[in-house]
Amino acid sequence: DQWSVPPSTLARSIILTPFLRDDKRCPLYRIEEALEGLDLKLLFGGNYLCSDFNDDHLAKLLDRIAEAGSTGLFSRIAANSYVNFKIPVSHILHADTTSHVFYGECEVCEQEGYEGLNVTHGHSKDKHPELKQVMTGMLTDEYGIPVYEQTLDGNTADSTWFKSAIQYLQGLLGDSCGGYTFIADSKLVNKKNIEVIYGDKDPIRFISRCPSNFNSKTAEKAIKQAYLLNDWEDIGICCEDEKSKRAARYDAQGFVKTIYKNKFRLVV
């Protein structure tokens, strides 16, 4: 009742705007312009003006979301979507991070005692190392539905976020953790993350690429062993167009190794 436009309606304007534009991109401060000429009553169910969706109102909304905790809010919305749309619960989770470039100075991040989100230089996946950035870490299920999201400092390493994502899952899933499979790139595989995974009494299963420098070059040793044994199993063509002459065929060998006192299955 204290808002001229309800927070849910402001949030809906942010979500819908990219779908209402040909270029799919719209800065938050221009949503007011993007809604010009549209039937706002059809979109939002009320008698609103374009000026109601100005950047001051949207900024206040985002401030309130940040205060409430965006990660927890996102997870609750995701959980509700499974119930409301009767989506089968997936036991396969994909994890990754991406970077988002920022323009401008973000001087507040340089102030003494500042403890908020740090917009700073880091490894740019947008190939803009000259610009400051923030990171986003996300878990999706096998259907591509995001189930967990976390906004991160611009210099957050992938391996660090993977650790916190696993700990989040351990707290969320509890004793059923072992029934899920966690899929991520090679930044997942290091000693600290392995210790977190196997520190659980029912550890989550994971699939990743073994880094070349992991555990005294485990990957290189497994590859050499595979070529020495030469006992390859044909696993077929991995391609959307299996009839294509360019489709590659794959052979594999599997080994079980004990690493850091835990058994791993390595596939070459």
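- A donor-acceptor pair shorter than 3.5 Å can be found between the side chains of Thr97 and Lys125.
- Around CD of Glu105, the count of heavy atoms belonging to other residues, nucleotides or ligands within 6.0 Å does not exceed 12.
- The OH atom of Tyr180 sits 7.5 Å away from the CG atom of Leu93 when rounded to the nearest 0.5 Å.
- No donor-acceptor pair closer than 3.5 Å links the side chain of Asp200 to the backbone N or O of Ile197.
- Shown here for Ser208 and Asp185, the closest heavy-atom pair between the two residues is OG-O, 2.8 Å.
- Val189 and Ile207 fall into different hydrophobic clusters, defined by Ile, Leu, Val, Met, Phe, Trp and Tyr side-chain heavy atoms under 4.5 Å apart, directly or through other members.
- Side-chain contact between Glu149 and Thr136 is present, with at least one heavy-atom pair separated by less than 4.5 Å.
- Ring planes of Phe182 and Phe162: perpendicular class, angle over 60° (limits at 30 and 60°).
- Atom NZ of Lys132 has more than 12 heavy atoms from other residues, nucleotides or ligands within 6.0 Å.
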Are Tyr227 and Trp232 close enough, and set up right, to give a ring-ring contact (aromatic ring centres under 6.0 Å, His included), and what steps lead you there?
CA-CA 9 Å; Tyr227 277 98; Trp232 300 97; 5.2 Å; yes
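- With hydrogens and angles ignored, the 3.5 Å screen pairs a side-chain donor or acceptor of Gln170 with a backbone N or O of Val196.
- With rounding to the nearest 0.5 angstrom, the NE2 atom of His94 is 14.0 Å from the CE atom of Met138.
- Between the side chain of Asn54 and the backbone N or O of His57 there is at least one donor-acceptor pair closer than 3.5 Å.
- The side-chain heavy atoms of Phe264 and Thr218, taken from C-beta on, include no pair separated by under 4.5 Å.
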Using the rule given for side chain to side chain contact (heavy atoms under 4.5 Å, CB included), can you reason through Cys26 versus Glu33, listing the C-alpha separation, both sets of side-chain angles and the distance that settles it, and then say yes or no?
CA-CA 10 Å; Cys26 182; Glu33 299 173 28; over 6 Å; no
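- No side-chain donor from either of Tyr168 and Thr71 sits under 3.5 Å from a side-chain acceptor of the other.
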Please test Ile92 against Asp141 for side chain to side chain contact (heavy atoms under 4.5 Å, CB included), starting from the C-alpha separation and ending with a verdict.
CA-CA 6 Å; Ile92 297 173; Asp141 68 9; over 6 Å; no
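- Distance alone, capped at 3.5 Å, places no donor-acceptor pair between the Thr258 side chain and the Lys261 backbone.
- Between Ala247 and Ile237, the shortest heavy-atom contact is CB-CG2, 3.5 Å.
- Relative ring orientation between Trp161 and Tyr148 is described as parallel, the plane-to-plane angle staying below 30° on a 0-90° scale split at 30° and 60°.
- The nearest pair of heavy atoms linking Cys109 to Tyr114 is CA-CD2, 3.6 Å.
- In this structure a side-chain-to-backbone donor-acceptor pair under 3.5 Å is missing from Asp153 to Asn155.
- Crowding of Phe19 atom CZ: a count of heavy atoms from other residues, nucleotides or ligands under 6.0 Å not exceeding 12.
- You'll find the side chain of Asp175 reaches within 4.5 Å of the side chain of Lys201, heavy atoms only.
- Scanning for salt bridge (Lys or Arg N to Asp or Glu O under 4.0 Å) contacts around Arg249 gives Asp234, with sequence neighbours left out.
- Within the model, atoms CG of Asp231 and CG of Asp251 stand 10.5 Å from one another, a figure rounded to the nearest 0.5 Å.
- Proximity of a side-chain donor or acceptor of Ser124 to a complementary backbone N or O of His128 within less than 3.5 Å is detected.
- Looking at heavy atoms from C-beta onward, Leu62 lies in side-chain contact with Ile14 at the 4.5 angstrom threshold.
- Put simply, CD1 on Ile204 and SG on Cys177 are 4.5 Å apart, with the number rounded to the nearest 0.5 Å.
- Under a hydrophobic clustering in which Ile, Leu, Val, Met, Phe, Trp and Tyr are joined whenever their side-chain heavy atoms come within less than 4.5 Å, directly or via other members, Leu172 and Phe74 fall into different clusters.
- Contact annotation: the side chain of Ser13 approaches that of Leu58 to within less than 4.5 Å [non-hydrogen atoms, C-beta and beyond].
- Inter-residue side-chain proximity for Asp52 and Leu40 is flagged as unmet; no heavy-atom pair is nearer than 4.5 Å.
- Taken from NZ in Lys217 to CD1 in Ile223, the straight-line distance is 11.0 Å, to the nearest 0.5 Å.
- Looking at every heavy atom in both residues, Ser99 comes nearest to Met135 through CB-SD, 3.6 Å.
- Under the 3.5 Å distance criterion, the side-chain polar atoms of Gln133 are matched with a main-chain donor or acceptor of His123.
- Under the 4.5 Å side-chain heavy-atom criterion for Ile, Leu, Val, Met, Phe, Trp and Tyr, Leu152 and Val101 are members of distinct hydrophobic clusters.
- In this structure, Ile259 and Phe214 have side chains that are in contact, with non-hydrogen atoms separated by less than 4.5 Å.
- Under the 4.5 Å side-chain heavy-atom criterion for Ile, Leu, Val, Met, Phe, Trp and Tyr, Tyr143 and Val147 are members of the same hydrophobic cluster.
- For CD of Glu67, the number of neighbouring non-hydrogen atoms (other residues, nucleotides, ligands) closer than 6.0 Å is greater than 12.
- The shortest distance between side-chain heavy atoms of Phe44 and Leu35 falls below 4.5 Å.
- Atom CZ in Arg205 sits 9.0 Å away from atom NE2 in His91 (nearest 0.5 Å).
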Is there a side chain to side chain contact (heavy atoms under 4.5 Å, CB included) between Leu43 and Leu20 once you walk through the steps?
CA-CA 11 Å; Leu43 286 172; Leu20 303 173; 4.0 Å; yes
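- Closest non-hydrogen pair, Ile31 versus Thr17, comes out as CG2-OG1, 3.7 Å.
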Under the side chain to side chain contact (heavy atoms under 4.5 Å, CB included) rule, what do Arg76 and Leu73 come out as? Steps first, then yes or no, please.
CA-CA 5 Å; Arg76 290 197 295 276; Leu73 178 61; 4.0 Å; yes
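- Between the side chain of Asn193 and the main chain of Leu188, a donor-acceptor pair closer than 3.5 Å is present.
- Minimum heavy-atom separation, Leu266 to Lys257: CD1-CG, 3.5 Å.
- Hydrophobic clustering, with ILVMFWY side chains joined whenever heavy atoms are under 4.5 angstrom apart, keeps Tyr29 apart from Phe102.
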